[in-house]
K.L.:
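Next up is a structure, given as structure tokens.
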Amino acid sequence: MKSRFVIAIMVIAVLIFFSQAAIADDLADLKATHQRFNKAWNTGDLDTFFEIWQDGGIWLPASQAFPMVTNSAMGKQFFGKWLETHFSQSQWYKVDYRVIGDTGLVWGVTTNTAIVKATGLGKRVFVKETIVFVKSDGKWKAVMSHETPIPSEVEIY
């Protein structure tokens, strides 16, 4: 009887250890995918950017009143034209990651800088951003991105 109890405890410990290791691997993979995602945007690598998006993924930008289906023909045209005419950079601060089953959550504060290439005029905005990923065929795919502007002190008073 005592040996069964010890074996049961050992099995439970092994299951907990391996499930924690799997979560840590998923978390590291999610972080790497998010970094690749941001690098693709900042360098204008739209092939990689769209590869990371799940078909039908939705982007809810702070600068538009309507959502964009990223991998649609219209979404690809929008992003392509944007990067042809703008220098665009996104820098993440206070970023956090969480994995829950096959869902990965990334959230934080970003500064988004856009400069019109023709004029050199631009704007920097601060946003709270959340990206939801799902794990599909062993890869993290973005399914939704949402940005909420952070008002400046000038806009508050």
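This structure is a prediction, so every number in the text was calculated from the model and none was measured.
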K.L.:
Looking only at heavy atoms, which two atoms of L46 and G80 are closest? And how far apart?
P.N.:
CD1-CA, 3.6 Å
K.L.:
Do side-chain atoms of N38 reach the backbone of S90 as a donor and acceptor pair under 3.5 angstrom?
P.N.:
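It does hold such a pair.
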K.L.:
Nearest 0.5 Å, what's the CD1-CG distance between I100 and D26?
P.N.:
12.0 Å
K.L.:
Report the distance from atom CG of N42 to atom CZ of F37, rounding to the nearest 0.5 Å.
P.N.:
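It comes to 10.5 Å.
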K.L.:
Answer yes or no: does atom NZ of K135 have more than 12 heavy-atom neighbours from other residues, nucleotides or ligands under 6.0 Å?
P.N.:
yes
K.L.:
Would you say V95 ends up clustered with W140 if hydrophobic residues are merged whenever their side chains have heavy atoms under 4.5 Å apart, either directly or through other cluster members?
P.N.:
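Same cluster: W140 reaches V95 through Ile, Leu, Val, Met, Phe, Trp or Tyr contacts under 4.5 Å.
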K.L.:
Are V125 and L60 joined in one hydrophobic group, where the rule is that I, L, V, M, F, W and Y side chains link up if heavy atoms are under 4.5 Å apart?
P.N.:
no
K.L.:
Checking D102 side chain against V134 main chain: does a donor-acceptor pair fall under 3.5 Å?
P.N.:
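Side chain of D102 to backbone of V134, a donor-acceptor pair under 3.5 Å: no, none is there.
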K.L.:
Just verifying a value: how many Å separate T103 OG1 and R98 CZ, rounded to the nearest 0.5 Å?
P.N.:
12.5 Å
K.L.:
For T70 and I58: C-alpha separation, side-chain torsions, deciding distance, then whether side chain to side chain contact (heavy atoms under 4.5 Å, CB included) applies.
P.N.:
CA-CA 6 Å; T70 56; I58 303 292; over 6 Å; no
K.L.:
Other residues, nucleotides and ligands only: do more than 12 of their heavy atoms fall within 6.0 Å of NZ on K139?
P.N.:
no
K.L.:
Do V69 and M144 belong together in a cluster built from hydrophobic side chains that touch within less than 4.5 Å?
P.N.:
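Yes; tracing contacts between hydrophobic side chains, which count when under 4.5 Å, links both residues.
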K.L.:
Hey, would you say the W59 and F79 ring centroids sit under 6.0 Å apart?
P.N.:
yes
K.L.:
For E51, is there an ion pair with R36 - N to carboxylate O distance below 4.0 angstrom?
P.N.:
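Counted as a salt bridge, because a side-chain N and a carboxylate O are separated by less than 4.0 Å.
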K.L.:
Same cluster for V106 and V127 if Ile/Leu/Val/Met/Phe/Trp/Tyr side chains link at under 4.5 Å?
P.N.:
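No, V106 does not connect to V127 through the hydrophobic network.
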K.L.:
Could you label the plane-to-plane angle of the W82 and H86 rings as parallel, tilted or perpendicular, counting under 30° as parallel and over 60° as perpendicular?
P.N.:
parallel
K.L.:
To the nearest 0.5 Å, how far apart are CG in L83 and CZ in F49?
P.N.:
8.5 Å
K.L.:
With rounding to the nearest 0.5 angstrom, report the CG to CZ distance, D55 to F50.
P.N.:
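It is 11.0 Å, given to the nearest 0.5 Å.
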K.L.:
Counting distance only, does the side-chain N/O of K94 pair as donor-acceptor with the main-chain N or O of W107 below 3.5 Å?
P.N.:
no
K.L.:
To the nearest 0.5 Å, what is the distance between CH2 on W41 and OG1 on T48?
P.N.:
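W41 CH2 to T48 OG1: 13.5 Å, rounded to 0.5 Å.
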